[in-house]
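Accompanying notes for the structure given below.
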Amino acid sequence: MVALQLTLGVLSLALTAVAVAMVTRTVQRMVRSIKLGQPDTSRGKPPGARLANMFREIFGHTKMLKLTHVGIAHWLVMIGFLGLALSVLEAYFEVFSPTFHLPLIGTWSLYNLLVEFLGWATIIAGLVLIVIRQLNHPRRADRQSRFAGSNFWQAYFVEAVVVLEGVGIVGLRAFKQSTDLLDVPVWAAPVTHLLGGALPASEAGIVIFAFFKVLSAMVWVIVLARNINMGVAWHRFTAFPNIFFKREVGAAPALGAVPPMMSGGKELDFEEADPDKDVFGVGQVEDFSWKGWLDFTTCTECGRCQSQCPAWNTGKPLSPKLLITQLREHAYTKAPYLLAGGKRDMAGDEVGLTAAEGGDPHANIDVLALAESERPLIGDAESGGVIDPEVLWSCTSCGACVEQCPVDIEHVDHIVNMRRYQVLIESNFPTELGGMFKNLENKGNPWGQNAKDRLQWTEELDFEVPVFDGELGEDVEYLFWVGCAGAFEDRAKKTTKAVAELLQIAGVKYTVLGPEETCTGDPARRAGNEFIFQMLAQQNVEVLNSVFEGREPNKRKIVATCAHCFNSLANEYPQLGGQYEVVHHTQLLNRLVREKLLVPVAPIAEDVTYHDPCYLGRHNQVYEPPRELIGATGASFREMPRHADRSMCCGAGGARMWMEERIGKRINVDRVDEALGTAPSKIATGCPFCRVMLTDGVTQRENEGQADGVGVVDVSQLLLDAVKRGKS
């Protein structure tokens, strides 16, 4: 017996020493690699609020519980991992002395009840996660599986260790009970007492199970140390800092505004920027910030982002999960080259390493790292690119990936930054965007229309629309931001006119800018053309600040019908000195209905389903006002399966409205098919981009005989019909 204890005890200590040495070395390498990223000083303040949110997200499992059954199982595994750490420590002593128990708490009944619960909960929850992975295996569901493309051996290994750790705890305690070494009442260890009654007394059994606990834990640590890219395991540690350093301080995901371009930790000034020194977006993996590297490291490959991605779900090559894991593989493979001081210029020539005359500057660099350093970040398979251009340009910036990610990875920001480099430095972007960029630069709108035509929609109304004439009257409450679509696109004009008429009926004093208005720059920014965005946004901020001159910030009110304009004005213009109180028209109209300034007098005899615009919903958390307005009209409301924060994109965001969709099923048609599944007579939305895309999708299905008489309208039109007794 003594020989067994000594042998297994020494093995435990030796194994632990090896594991600790290996994981320490890997952590040091990981930290050095993450620090290769660009500086970002915006991430740590205020620490108190960030810490509170980190604990709320992790221990409250606020995002994990969006898939309730998975969230519960994962929470039990997490709590078991943390709560049973003491039992692993105890096992080191139990290998040498089966009678050992932790001082003070070892015989405490409540502590033993907790260990009893966590031991069994870990086993059951671990098995549940394995079953869930099997039921959602790609061999069953192909691309519909959120695990498609995930590393299965790593996941199975982690889940197996979870179960085995639980088995080790349960078995050890059962043998302690059978040997009369567990001095706790039955209520504090009911299952242990039951199992112990069926086992023989055996101190050797205690020693073996104690060693088994140590062995399974240390094997897990060794495998972890050997696989720096094993996010499914490393996230147990890196999730804490990744959530702490997320872009937004509170619970909100990294959506809404796109961060300004940064270089060397400072915001890039185009007038002073030097292309030879400054970083324009992301052209190489080292151009990502350190938070980007931490994002890559933390990805758990759970596939929640992938399961919600409109591009992936319609057969396109973009998977947010695979994008992040590909960047992770590239980053850590290239890291030794970068850590040695390696750097290549835009032509691919070495500029960071030097060698003695006639020597090879790469002589001491790992061959895999050297090969990785020669790969372009963006490029097709022939060029050996890490990210295929089709992947990069398939993104609609809908934010579903960011909304779903349980560890706060910022997929959209990374994609926009890579687009910025492609547009501003490489001039490599889809050809269709060239015309859009030209129209924005020369005409101030993506359609290339003349500014003098921005008021043509007013000619179809039987009342005069007030136009800003150089002075904003004190009685004017809102500036009505019409937007490019609202001024030029025929379908969107109907929304503009409906809102104007409703404001007229409600007696709300407003004005429009007319020719003074120009595009907010949303499509340019999401397409990566930060230069044009800055040009347009600065022009608009200058105009708006002059319009609101003399007014307090809380009285600088703007109402917008376009979700993209709404987002830019509210979230991005403050970056440029434009501080306004911006509301979406559905929010304002809903308030007017509540205040009885708009009274629906005739119920709408329509079956209506509502499509959440991404830039109104996920990006700005506006879900209820449009639905309340539909309810106020008396229409019969029918919710689509994917709605609110899980809503499916229409396909127009991320400047995709101006790009051809050549791969897979059209996103707007996929969304229309879901809408038609509710058997509506009307599909309502709150964004002109969405309206255009959904209308085109309905038209296609009508031509195929799959839709009959289904109309696409803005919520404001439904309300106007109800207010005017259907005579609009």
Side-chain angles (χ1 to χ4, degrees), residues 257-258 260 270-271 423 433-458 465-472 476 478-490 492-493 495-496 499-500 510-549 556-580 582-585 615 652-655 657-658 687-689 692:
V258 168
F270 278 98
E271 294 182 359
V423 171
L433 290 180
M436 190 263 286
F437 290 153
K438 184 177 180 181
N439 288 336
L440 287 174
E441 193 168 8
N442 297 333
K443 296 290 189 176
N445 67 85
W447 281 276
Q449 299 294 314
N450 294 318
K452 64 182 179 63
D453 296 330
R454 279 187 177 269
L455 287 173
Q456 281 188 351
W457 62 273
T458 65
V465 174
V467 181
F468 180 70
D469 59 1
E471 185 175 348
L472 195 65
V476 175
Y478 285 97
L479 173 68
F480 179 11
W481 187 272
V482 176
C484 302
F488 299 122
E489 210 283 325
D490 289 338
K493 285 182 184 179
T495 302
T496 308
V499 172
Y510 68 95
T511 189
V512 299
L513 287 178
E516 291 293 311
E517 188 178 294
T518 191
C519 179
T520 59
D522 164 86
R525 186 168 232 193
R526 269 112 195 123
N529 199 326
E530 185 72 9
F531 178 80
I532 290 181
F533 167 77
Q534 294 282 339
M535 179 187 74
L536 295 170
Q538 288 172 1
Q539 178 181 333
N540 281 325
V541 168
E542 184 177 343
V543 170
L544 289 170
N545 285 349
S546 67
V547 169
F548 289 121
E549 188 175 5
R556 298 183 168 198
K557 297 182 180 180
I558 300 175
V559 58
T561 56
C562 174
H564 297 261
C565 294
F566 166 66
N567 178 70
S568 292
L569 291 165
N571 299 321
E572 297 183 329
Y573 278 29
Q575 298 172 359
L576 303 170
Q579 300 286 344
Y580 318 111
V582 188
V583 297
H584 189 254
H585 71 284
Y615 275 81
M657 181 135 169
W658 288 273
C687 173
F689 285 18
V692 168

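Numbering starts at 1 and runs along the sequence shown. Quick caveat, the model's predicted, so the values are computed rather than measured.
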Between [X] and [Y], is any pair of side-chain heavy atoms under 4.5 Å apart?
{"X": "V512", "Y": "E517", "result": "no"}
{"X": "P574", "Y": "Q579", "result": "yes"}
{"X": "E572", "Y": "T520", "result": "no"}
{"X": "F548", "Y": "L479", "result": "yes"}
{"X": "P523", "Y": "M436", "result": "yes"}
{"X": "V258", "Y": "F533", "result": "no"}
{"X": "V547", "Y": "E516", "result": "no"}
{"X": "P446", "Y": "W658", "result": "yes"}

Nearest heavy-atom neighbours spanning [X] and [Y]:
{"X": "Q575", "Y": "A257", "value": "NE2-CB, 3.8 Å"}
{"X": "C484", "Y": "R454", "value": "SG-NH2, 3.3 Å"}
{"X": "L536", "Y": "G521", "value": "CD1-CA, 3.9 Å"}
{"X": "N545", "Y": "G578", "value": "OD1-CA, 4.4 Å"}

Indicate the ring-plane relationship of F566 and H584, choosing parallel, tilted or perpendicular according to the 30° and 60° boundaries. perpendicular
E530: salt bridge (charged side-chain N to carboxylate O under 4.0 Å, His left out) partners, not counting sequence neighbours: R420, R525
Contacts of D490 that satisfy salt bridge (charged side-chain N to carboxylate O under 4.0 Å, His left out) - sequence neighbours left out: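 Residues passing salt bridge (charged side-chain N to carboxylate O under 4.0 Å, His left out) with D490: K493.
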Without swapping roles, check the side chain of [X] against the backbone of [Y] for a donor-acceptor pair under 3.5 Å.
{"X": "S568", "Y": "C565", "answer": "no"}
{"X": "Q456", "Y": "A487", "answer": "no"}
{"X": "Q539", "Y": "T518", "answer": "no"}

If the condition is side chain to side chain contact (heavy atoms under 4.5 Å, CB included), which residues does [X] pass it with, not counting sequence neighbours?
{"X": "E489", "result": "W447, A485, R491, A492, V692"}
{"X": "T458", "result": "L455, V465"}
{"X": "Q538", "result": "Q534, L576"}

Applying side-chain hydrogen bond (donor to acceptor under 3.5 Å, both in side chains), name anything that partners [X], two or more places apart in sequence or on another chain.
{"X": "N439", "result": "none"}
{"X": "Y510", "result": "none"}
{"X": "E441", "result": "none"}
{"X": "N540", "result": "Y573"}

Any chance you could measure [X], atom [atom1], to [Y], atom [atom2], to the nearest 0.5 Å?
{"X": "D469", "Y": "T511", "atom1": "CG", "atom2": "OG1", "answer": "7.0 Å"}
{"X": "F488", "Y": "T496", "atom1": "CZ", "atom2": "OG1", "answer": "11.0 Å"}
{"X": "L544", "Y": "R556", "atom1": "CG", "atom2": "CZ", "answer": "9.0 Å"}

Going by the rule ring pair (Phe, Tyr, Trp, His ring centres under 6.0 Å), which residues pair with F531 if we only count those two or more places apart in sequence or in a different chain? F270
With Y478, which residues qualify under ring pair (Phe, Tyr, Trp, His ring centres under 6.0 Å), at least two apart?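 Per chain and number, Y478 pairs via ring pair (Phe, Tyr, Trp, His ring centres under 6.0 Å) with no residue.
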Under 6.0 Å between the ring centres of F468 and W481?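 So the answer is no for these two rings.
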Side-chain polar contacts of residues 557-564 - donor-acceptor pairs under 3.5 angstrom, sequence neighbours left out - could you list them?
residue : atom : partner : partner atom : Å
K557    : NZ   : E477    : OE2          : 3.3
H564    : ND1  : D522    : OD2          : 3.2

